[in-house]
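Proteins get letters first, then strands, A, B, ... in listed order; numbering begins at 1 in each.
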Number of protein chains: 2
Amino acid sequence: MDTLETRQLAYFVAVAEELHFGRAAQRLGMAQPPLSRAIKQLERRLGVTLLDRTSRIVTLTPAGEVLLREARAALDAVVAAARRTQRAGHSDPRLVLAMKPSADGGLLPAVLNAYAARPGAPEVEVVCSFRERGAMLRDGRADVALMHAPYEDFSGLAVEELLVEDQVAVVPQWHRLAGLGAVSMADLAGETLPRWPRRAESGSGPVPEDGGQLMQLIALDRMIAVLPESVRGHLREELTCVPVVDATPTTLVVAWPEHSRSREVASFVQTATTVAADHRATTRATPATR
Amino acid sequence: MDTLETRQLAYFVAVAEELHFGRAAQRLGMAQPPLSRAIKQLERRLGVTLLDRTSRIVTLTPAGEVLLREARAALDAVVAAARRTQRAGHSDPRLVLAMKPSADGGLLPAVLNAYAARPGAPEVEVVCSFRERGAMLRDGRADVALMHAPYEDFSGLAVEELLVEDQVAVVPQWHRLAGLGAVSMADLAGETLPRWPRRAESGSGPVPEDGGQLMQLIALDRMIAVLPESVRGHLREELTCVPVVDATPTTLVVAWPEHSRSREVASFVQTATTVAADHRATTRATPATR
DNA sequence: GGTGTCCATACCTCCAGGGTATTGACCGCG
DNA sequence: CGCGGTCAATACCCTGGAGGTATGGACACC
C-alpha cells in the first residue's frame, strides 16, 4: 500500500473539524458526495473507521481523533516544505523572525544590531503575531521566533533560553494595587485575568486578540494582566505595574523548527544567546534601573 | 495555490537521492518521462529550480537540498499518521517499544514489570533495531524507544533522561588492555573503533550492522568498542571490558514522538523514569557490584 | 562522425476525482 | 401517523491529469 495523499488528509481534517459533510464540502469548495466517497475510501485504505455517522450527527472515533492530530501535523510539514523551499530558492535571503509585539524582553534591538553586523547576514524581517508563532514556525512562515516558556506549545520546535523574567501585574494607575511595592497571586483573586485559549477552547471571559487590545481593556479597568517585567518599557501613560512575587517566572526563548538548522538560523540563535548573556551580565551589575 | 501532494514529494526525494531520472523512475516503478514531467511541474508550482540537469549529470540546487530535507520529514509525518491511525483503530492496543539489543541499561525488565502491573496497561511489544529507532518513532512504527544521548538525532522527538552511564571499552580477554583497571581514550589510539554512520556516510573501516556482529568482530580482534557499562551483563565469555575514565558518559533516555502524547505513552514514560530513579538510588547504595 | 547515455518533448490512453440527480435514514411537528 | 426537512449514501456521467510509448536532442567518449 502506498502513502496517503495530502488531499485525503485535508479532506478528513475538514470533516473532522466541521463534523458535518455538507459544511466541510462547502469549505473545501466541492460538492458533498465526492467528499463522502473520499472519506470512505480513506477508511477503506486504512482499514479503520474514522467517523461514526448516524444520518443525524457525525462523531470522531478514537482512531479518528488520532488521525486528526496526526494529519494536522503532517499537513503542516507539507506546507512548511513548500514554503521553505520557495524561500530558499527565491534569491533575496531574508530571515523571518516572529514575535509578540512588545515581548522582546528589551533585547531585540541589540540582537538585530549584532546580527546585522555579522558578515553575510541576511536582512531580518520581523513579523508580529500575537498567538500564532509556534504555528508559523511549524508551517514555514517564519524561521525563528521569540516565545515564552512555559506558556506555549513547543512540540516540533527547538528552543534556546535567552533570559528568565519575573512577572509583573499590569494595572491602571488608579487601581487599588497600583501603589503597592509588590503583590502576590492571592492579591489578584477577584480580578479578571485574560483567558489565553491554548487550543481554541471558548472559555468565559474576554480573549484579547492582540497586545494593544489587551492594554486598552486594562486601561478601561475591564481586566488586569500578569506579564513579563520587560513590558515596563512599553506601557502607555495611564498604566503601571507591580511585581508579583510568587508568579512563576517566565522564560524568553528563541525557537526554530527542529530540523531546519540552516546556517542563518543557527547564526541568529547564537547571536541572540550571546546578546542575552551580555544583557544578563550588565543588568545584574546595575539592577533595578527603574 | 493549494498544497503539494505526497506523490510529488516522494518523486522528488527519489530523484534527489538517485540524482538520476532513469534509476529514480525504476525505483518508483514507473517510466522516466512522466517522472521528468512531474518534477518539472513541481518546480513550476513552487516557482523554484530544484535540480540542475546538464544532460550528463543531475545536481541539487540549494533550494533542492532544502526540499529534500523537508520532504523527507513531511513524508515521515504522513506515513506516521497512517500507521498510528491504523494502530489506534485495530483493537488490540499494544505499545511498541524500540530498542537496541542489550542496550537497556539493565532496567528494562523492571520497567516492563512495573508497567504491566499498571491497571489497563496494554501489552508491550519490544522490537529491536540497531540503528533505526529514531526513524521508527518518527514514522509511527514505534511508540517509545530507548536511545542514547548524545549519539543520536532527537529532532522531532521528546525525551526524558533515565540514567547516566559511564563507558567501558569492550575487548577480548587476551587483549593488551584487558588486565588494566581503567584506561583513557588516549590508550585506545591505534585501535580500530566502529564507525557509526550518522547519515549514510560511507567512511572507511567496518560498519557493524548489529550488536552480535559487533561482538563477533571484537572477539576476532578486528576492533574494539566503547559502550555504556551496562553491556557488562551481556558479554560473551571471551570478551571483557575496562572502564574508560575520560569517555563522555552516555545517557540512556526514553524517547517518543513529540506530539503523540497518548495516555499509554505518557504512562510508560512515567513508569520508566520512576523505575530509573529507584535504580539510581539502589545502585548508589551498593556501588560497583561487579 | 559514430555511438551510447540520458533528459525532454509529443502524443495517446485510461482511470480516478469531481459534478448532478436521487435515494434512504432519521428527526421534529402538526 | 403522515409530511416535510435535513443529511449522508448511492448511481451515473464526464473531464483532467497521471502514466505509458516513441522519439528528439544535447553531450561525452572513442
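- Remark: P of C:dC6 and CD1 of B:I39 are 17 Å apart, rounded to the nearest angstrom.
- The interatomic distance linking A:L35 (CG) with C:dG19 (P) rounds to 10 Å, in whole Å.
- Proximity of A:K40 to the phosphate of D:dT10: a side-chain N or O atom is located under 4.0 Å from OP1 or OP2.
- Taking side-chain N and O atoms only, B:R53 has a distance below 4.0 Å to OP1 or OP2 of C:dA8.
- D:dC7 atom P lies 4 Å from atom NE2 of A:H20, rounded to whole Å.
- Among residues two or more places apart in sequence or in another chain, the side-chain contact (heavy atoms from CB on, under 4.5 Å) test is passed with B:R83 by B:V79, B:D139, B:R141.
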Counting primed atoms, P, OP1 and OP2 as sugar-phosphate and everything else as base, the B/S/- map of nucleotides 17-23 of chain D against protein heavy atoms under 4.0 Å is -SBBBB-
Determine all donor-acceptor pairs shorter than 3.5 Å in which one atom belongs to a side chain in residues 28-38 of chain B; sequence neighbours excluded.
{"unit_1": "B:Q32", "atom_1": "NE2", "unit_2": "B:S36", "atom_2": "OG", "d": "3.0"}

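- To the nearest angstrom, P of C:dG19 lies 13 Å from CD of A:Q26.
- Listed by chain and number, the residues in a ring pair (Phe, Tyr, Trp, His ring centres under 6.0 Å) with B:Y115 are B:F268 (sequence neighbours excluded).
- An OP1 or OP2 oxygen of C:dA8 is reached within less than 4.0 angstrom by a side-chain nitrogen or oxygen of B:S36.
- Scanning all heavy atoms of the two residues, the minimum distance from B:R94 to B:P122 falls at CA-CB, 4.3 Å.
- Partners of A:E43 according to the salt bridge (Lys or Arg N to Asp or Glu O under 4.0 Å) rule, which considers only residues two or more places apart in sequence or in another chain, are A:R53.
- With sequence neighbours excluded, the residues that form a side-chain contact (heavy atoms from CB on, under 4.5 Å) with A:A82 are B:L4, B:L46.
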